[in-house]
Novice: 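One structure follows; several queries about it will come next.
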Amino acid sequence: MTGHPMVKAERVHKSFGLIPVLRGIDLEVRAGEVFCVVGPSGSGKSTFLRCINHLEKINGGRLYVDGQLVGYRQKGDKLYEMREREVAAQRRDIGMVFQRFNLFPHMTAAQNVMEAPMQVKGLRRAEARERAEQLLARVGLADRMDTYPSQLSGGQQQRVAIARALAMDPKLMLFDEPTSALDPELVGEVLDVMRGLAEEGMTMIVVTHEMGFAREVGDSLVFMDEGVVVESGRPRDVLGSPRHERTRAFLSKVL
């Protein structure tokens with residue numbers, strides 16, 4: 001484990017126009033940790049996740065991944081935004097799985113997984129295919145290699161999306177409500193894959209409504225509301241005996 005946290009946020013602010021969405025987020029995620037983020041819709045959870053890989057630019061504060069400032073270079077006390085090429089290089093180490101699976105519809109499951117390693121890392125097709133086979137087997141889809149997304153269930157598509165993110169060998173995985181678009185009976189198969197990743201020691205930040213998963217698998221949990229971290233701690237503590245009234249009110253509706 002490294003001396004510095006895998007993710008560190010210092011007073012992170014983000015606004016869309018005049019509307020503040022993040023109002024000074026401070027948190028740390030250790031390497032190998034499963035870090036769960038819960039809270040009501042519109043609380044800034046997904047925006048914060050997108051800031052970690054600079055899909056959204058922060059308006060204030062600092063964000064670090066593995067000790068490196070994300071999206072900016074510091075000279076003296078000033079920040080200068082990196083070129084898109086440099087940001088893209090940083091993103092290679094950060095896998096992201098969205099609510100909507102965002103698979104390429106004209107590509108098979110295997111081709112979806114092979115694309116980034118071939119295009120970005122210059123992997124030869126045969127190597128990329130072998131890696132795709134390994135990863136699709138890992139998420140329980142060895143028999144769906146040459147199937148198109150339209151022929152897969154939502155849970156299967158989301159598992160392909162996880163395999164695709166893993167194909168770049170990320171040091172950090174971000175999950176933005178990965179089960180919220182799924183039918184209830186398909187949720188478990190995606191959570192099982194995420195449990196497996198946790199057991200293998202993958203550092204994960206998971207925005208989720210699945211409180212059972214957060215309680216069982218999470219190492220740390222934060223409750224966000226209106227762009228601030230209201231409460232944080234071990235998942236069992238926060239979910240079992242929340243200290244703040246806002247946390248209690250939210251949990252009374254979802255547990």
Side-chain angles (χ1 to χ4, degrees), residues 2 6-7 29 31-32 34 49-56 64-68 70-71 82-179 181 189-207:
T2 52
M6 180 60 78
V7 177
V29 180
V34 179
L49 214 59
R50 291 169 65 84
C51 289
I52 293 171
N53 62 2
H54 207 60
L55 287 174
E56 298 289 354
Y64 299 88
V65 171
D66 203 14
Q68 300 289 313
V70 173
M82 288 179 172
R83 295 188 185 92
E84 185 55 40
R85 193 176 71 243
E86 297 169 296
V87 174
Q90 285 188 326
R91 281 197 197 115
R92 287 182 202 176
D93 292 330
I94 305 171
M96 186 154 186
V97 179
F98 299 88
Q99 286 180 34
R100 300 282 165 189
F101 327 118
N102 294 356
L103 297 177
F104 298 117
H106 62 290
M107 293 184 181
T108 63
Q111 289 167 339
N112 266 282
V113 177
M114 292 162 63
E115 182 70 6
M118 286 167 55
Q119 296 295 335
V120 180
K121 288 190 163 181
L123 224 60
R124 293 202 308 275
R125 179 170 289 277
E127 280 179 272
R129 173 81 186 187
E130 187 180 335
R131 180 85 174 119
E133 286 174 8
Q134 292 167 354
L135 288 169
L136 288 168
R138 184 172 169 187
V139 300
L141 292 172
D143 59 340
R144 292 285 188 269
M145 291 279 299
D146 299 311
T147 306
Y148 288 92
S150 62
Q151 300 165 306
L152 298 171
S153 71
Q156 290 169 332
Q157 289 185 60
Q158 192 60 294
R159 285 186 280 153
V160 174
I162 293 172
R164 180 177 62 179
L166 292 172
M168 293 296 286
D169 296 314
K171 59 177 81 163
L172 169 67
M173 285 284 282
L174 309 177
F175 292 88
D176 187 7
E177 300 193 25
T179 59
E189 62 192 49
V190 173
L191 294 181
D192 284 345
V193 170
M194 294 169 65
R195 274 190 195 90
L197 291 177
E199 286 163 10
E200 291 167 21
M202 174 63 75
T203 311
M204 298 159 62
I205 302 180
V206 185
V207 171

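Predicted, not measured: the structure shown is a model, and the values here were computed from it.
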Novice: Please say which of Met202, Met194, Met96 ends up in a side chain to side chain contact (heavy atoms under 4.5 Å, CB included) with Met173.
Specialist: Met202
Novice: Hey, is the main chain of Phe98 close enough, under 3.5 Å, to the side chain of Gln158 for a donor-acceptor pair?
Specialist: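 Yes, because the side chain of Gln158 sits within donor-acceptor range (under 3.5 Å) of the backbone of Phe98.
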Novice: State whether Arg91 and Glu84 are salt-bridged, where the test is any N-O pair (Lys NZ or Arg NE/NH1/NH2 against Asp/Glu carboxylate O) under 4.0 Å.
Specialist: yes
Novice: For the residue pair Tyr148 and Pro105, what are the closest heavy atoms and their distance?
Specialist: CD2-O, 3.7 Å
Novice: Would Met114 and Arg131 count as a side chain to side chain contact (heavy atoms under 4.5 Å, CB included) here? Give the steps.
Specialist: CA-CA 8 Å; Met114 292 162 63; Arg131 180 85 174 119; over 6 Å; no
Novice: Is the shortest heavy-atom distance from the side chain of Pro170 to the side chain of Arg92 under 4.5 Å?
Specialist: no
Novice: Can you give each donor-acceptor pair under 3.5 Å made by side-chain atoms of residues 132-143, sequence neighbours left out, with the distance rounded to 0.1 Å?
Specialist:
residue	atom	partner	partner atom	Å
Glu133	OE2	Arg129	NE	3.4
Arg138	NE	Glu200	OE1	3.4
Arg138	NH2	Glu200	OE1	2.3

Novice: Suppose we screen for side-chain contact (heavy atoms from CB on, under 4.5 Å). Which residues come up paired with Leu172, at least two apart in sequence or across chains?
Specialist: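 So Leu172 forms a side-chain contact (heavy atoms from CB on, under 4.5 Å) with Met6, Val7, Ile52, Val65, Ile94, Leu174, Thr203, Ile205.
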Novice: Report the C-alpha separation of Asp176 and Arg50 in whole Å, then their side-chain angles, then the decisive distance to 0.1 Å, and conclude whether the salt bridge (charged side-chain N to carboxylate O under 4.0 Å, His left out) test is met.
Specialist: CA-CA 9 Å; Asp176 187 7; Arg50 291 169 65 84; 5.9 Å; no
Novice: Is there a side-chain contact between Val160 and Pro149, using heavy atoms and a 4.5 Å cut-off?
Specialist: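 Sidechains of Pro149 and Val160: no contact.
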Novice: Could you walk me through whether Gln90 and Met82 satisfy the side chain to side chain contact (heavy atoms under 4.5 Å, CB included) test, starting with their C-alpha distance in whole Å, then the side-chain angles of each, then the deciding distance to 0.1 Å, before giving a yes or no?
Specialist: CA-CA 10 Å; Gln90 285 188 326; Met82 288 179 172; 3.6 Å; yes
Novice: Passes salt bridge (charged side-chain N to carboxylate O under 4.0 Å, His left out), Arg124 versus Glu130? Steps please.
Specialist: CA-CA 10 Å; Arg124 293 202 308 275; Glu130 187 180 335; over 6 Å; no
Novice: Quick one: closest heavy-atom pair of Ala161 and Phe101, and the distance?
Specialist: CB-O, 3.9 Å
Novice: Please round to the nearest 0.5 Å and tell me the distance separating atom CG of Leu197 and atom CZ of Phe175.
Specialist: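 Output value for this atom pair is 5.5 Å.
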Novice: Would you give the length of the straight line joining atom OG of Ser150 to atom NE2 of His106, rounded to the nearest 0.5 angstrom?
Specialist: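 Here the rounded value is 12.5 Å.
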Novice: Would you call Met168 and Pro117 a side-chain contact if the rule is heavy atoms closer than 4.5 Å?
Specialist: yes
Novice: To the nearest 0.5 Å, what is the distance between CE (Met145) and CG (Asn112)?
Specialist: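 If I round to the nearest 0.5 Å, the distance is 11.5 Å.
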Novice: With Glu86, which residues qualify under side chain to side chain donor-acceptor pair (under 3.5 Å), at least two apart?
Specialist: Arg73
Novice: Side chain to side chain contact (heavy atoms under 4.5 Å, CB included) between Asn102 and Arg164: does it pass, once the steps are laid out?
Specialist: CA-CA 11 Å; Asn102 294 356; Arg164 180 177 62 179; 4.0 Å; yes
Novice: Name the one of Val97, Val190, Leu152 that satisfies side chain to side chain contact (heavy atoms under 4.5 Å, CB included) with Arg159?
Specialist: Val190
